[in-house]
Amino acid sequence: MKRQIIYKYPKTILNKGTGYLSGYSHSLNPYTGCAFGCSYCYVRQMPVSLFRKEEWGTWVDVKMETANLLYKELQKAKTKGKVTIFMSSSTDPYQPVEYQEKVTRSLLETLVDFHPDFLLVQTRSPLVSRDIDLLTRMGDKVRVSMTIETDLESIRKHFTPGAPPIAARLKALRLLKDAGIPTQAAIAPVLPSSEAFPHQLAELVDRVCVDDYFMGDGSGGKRTKRMGIYNLYESLGLAEWYHPSAYQIVYDRLKNAFSENQIYLSQQGFEP
Ligand code: SF4
């Protein structure tokens, strides 16, 4: 698929942590738009996507010259209290364009020098393992949360055909873990998965977080409903998995592989 890439020079780079991210002082998005274009992505329903005529997933704005900007904003933020950062809330910081542009890497370099109180890196891309050299320098002040909604590649292809394969994400988690970087698997949103899934994850992550459309799309599931995601479940014969209680299937299975204090639910799992 052809993607439109536009280079922009933003005036600010940090956003205030609000709503689902109110536990954070700031959120940080190296890009606007996301080439992974997941079917259920709630950003599709937000102004950034609705006011754009191109379809979500087909365009990315690259935020240029942001490392210095971030440095200045961090210095200012520090005077107001703890600096806790969620990267990223409405884009994937390690989407394909990052291979060339390295915006995320340049922001990470600034963050490593700054020493924030906490940084959560939220991605579904194995490219995050490229930055292990930087992430290790942050010790326990960082956590990499890797979205892995299912262990079934066929399901992944139905819901997020533009996203990286599950095996590549698991491999990246292995590299991160071996490097001593705190890791989390974000089963978010919960998609149909196998009974073996929790055991696969237990070898790779310190903790897991389970979330679904009903708890985690910021509108009690209304945004997801508007996008017609239920139809996809129905066409696959998986309608029972589109239900407010479906997460419990995975949550209960996780208890066979993790202790209860390693299993988090929805917003709780993304807190600093
Ligand atoms: S990776 Fe995240 S931001 Fe990107 S399309 Fe998927 S859900 Fe949306």
Side-chain angles (χ1 to χ4, degrees), residues 1-6 15 17-21 24 27-52 54-63 85-99 101 103-104 107 120-130 143-150 153 155-166 168-170 172-173 184-191 209-219 221-229 232-233 242 266-267 269-270:
M1 185 200 291
K2 191 161 168 16
R3 294 203 172 84
Q4 182 191 63
I5 294 176
I6 297 181
N15 287 314
T18 54
Y20 196 82
L21 300 181
Y24 287 83
S27 65
L28 175 59
N29 290 284
Y31 300 96
T32 310
C34 184
F36 288 149
C38 306
S39 61
Y40 55 69
C41 180
Y42 67 87
V43 188
R44 289 173 180 271
Q45 291 286 308
M46 294 170 78
V48 65
S49 172
L50 296 174
F51 293 149
R52 194 105 171 195
E54 299 85 9
E55 199 194 329
W56 180 251
T58 67
W59 57 272
V60 182
D61 293 348
V62 180
K63 297 187 185 177
I85 297 176
F86 188 97
M87 180 174 82
S88 297
S89 54
S90 57
T91 186
D92 193 306
Y94 288 102
Q95 61 180 300
V97 69
E98 170 65 15
Y99 279 95
E101 301 300 338
V103 179
T104 300
L107 296 174
L120 190 127
V121 177
Q122 176 60 49
T123 183
R124 68 184 63 221
S125 168
L127 178 57
V128 63
S129 64
R130 178 199 66 190
R143 180 180 308 128
V144 175
S145 176
M146 177 78 78
T147 298
I148 307 188
E149 322 92 307
T150 173
E153 188 60 7
I155 294 289
R156 197 277 301 162
K157 284 182 181 163
H158 282 300
F159 286 85
T160 63
I166 302 297
R169 298 185 222 179
L170 295 172
L173 278 175
Q184 164 169 284
I187 308 175
V190 163
L191 294 180
C209 173
V210 184
D211 205 353
D212 69 6
Y213 310 125
F214 307 96
M215 294 182 278
D217 82 345
S219 66
K222 288 197 199 99
R223 277 181 184 153
T224 311
K225 193 173 176 197
R226 278 200 296 271
M227 291 191 286
I229 295 297
L232 185 51
Y233 283 80
Y242 187 92
S266 194
Q267 189 174 4
F270 298 97

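We count ligands from 1, going down the list as the structure has it; atoms in each ligand are counted the same way. What's counted below: heavy atoms across the whole structure, side chains too, no hydrogens, waters or symmetry copies.
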**Request:** Considering the heavy atoms of Trp56, write down every atom of ligand 1 situated less than 4.0 Å from one of them.
**Result:** 5 (S)
**Request:** Taking only heavy atoms of Phe36 into account, list the atoms of ligand 1 that are under 4.0 Å away from them.
**Result:** 1 (S)
**Item:** Partner of Thr91 by side chain to side chain contact (heavy atoms under 4.5 Å, CB included), out of Val48, Asn29, Thr123
**Value:**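 Checked Val48, Asn29, Thr123 against Thr91; only one passes side chain to side chain contact (heavy atoms under 4.5 Å, CB included): Asn29.
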**Message:** Quick check on Glu55: does its CD atom have over 12 non-hydrogen neighbours (other residues, nucleotides or ligands) under 6.0 Å away?
**Reply:**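 Count not over threshold, so no.
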**Request:** Look at the N, O or S atoms of Cys41, main chain and side chain alike, and state whether any lies under 2.8 Å from atom 6 (Fe) of ligand 1.
**Result:**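 Cys41 does not place any N, O or S atom closer than 2.8 Å to atom 6 (Fe) of ligand 1.
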**Asked** At under 4.0 Å between heavy atoms, which part of Tyr42 makes contact with ligand 1: side chain, backbone, both or neither?
**Response**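 Neither; nothing of Tyr42 gets under 4.0 Å from ligand 1.
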**Request:** Give the contacting part of Arg124 toward ligand 1: side chain, backbone, both or neither, where contact means a heavy-atom distance below 4.0 Å.
**Result:**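 The part of Arg124 near ligand 1 is the side chain, not the backbone.
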**Asked** Counting distance only, does the side-chain N/O of Asp61 pair as donor-acceptor with the main-chain N or O of Thr32 below 3.5 Å?
**Response**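 Absent.
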**Request:** Just say parallel, tilted or perpendicular for the rings of Tyr213 and Tyr233, cut-offs at 30° and 60°.
**Result:** perpendicular
**Nearest protein heavy atom with distance in Å, relative to atom 6 (Fe) of ligand 1** =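 For this ligand atom, the closest protein heavy atom is Cys38 SG, 2.3 Å.
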**Centroid separation Tyr24 to Phe270 less than 6.0 Å** = no
**Request:** Could you tell me if the ring centre of Tyr94 sits under 6.0 Å from that of Phe36?
**Result:**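 For Tyr94 and Phe36, the ring centres are not under 6.0 Å apart.
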**Asked** Do you see an N/O/S atom of Cys34, backbone or side chain, under 2.8 Å from atom 4 (Fe) of ligand 1?
**Response**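 A backbone or side-chain N, O or S atom of Cys34 is under 2.8 Å from atom 4 (Fe) of ligand 1.
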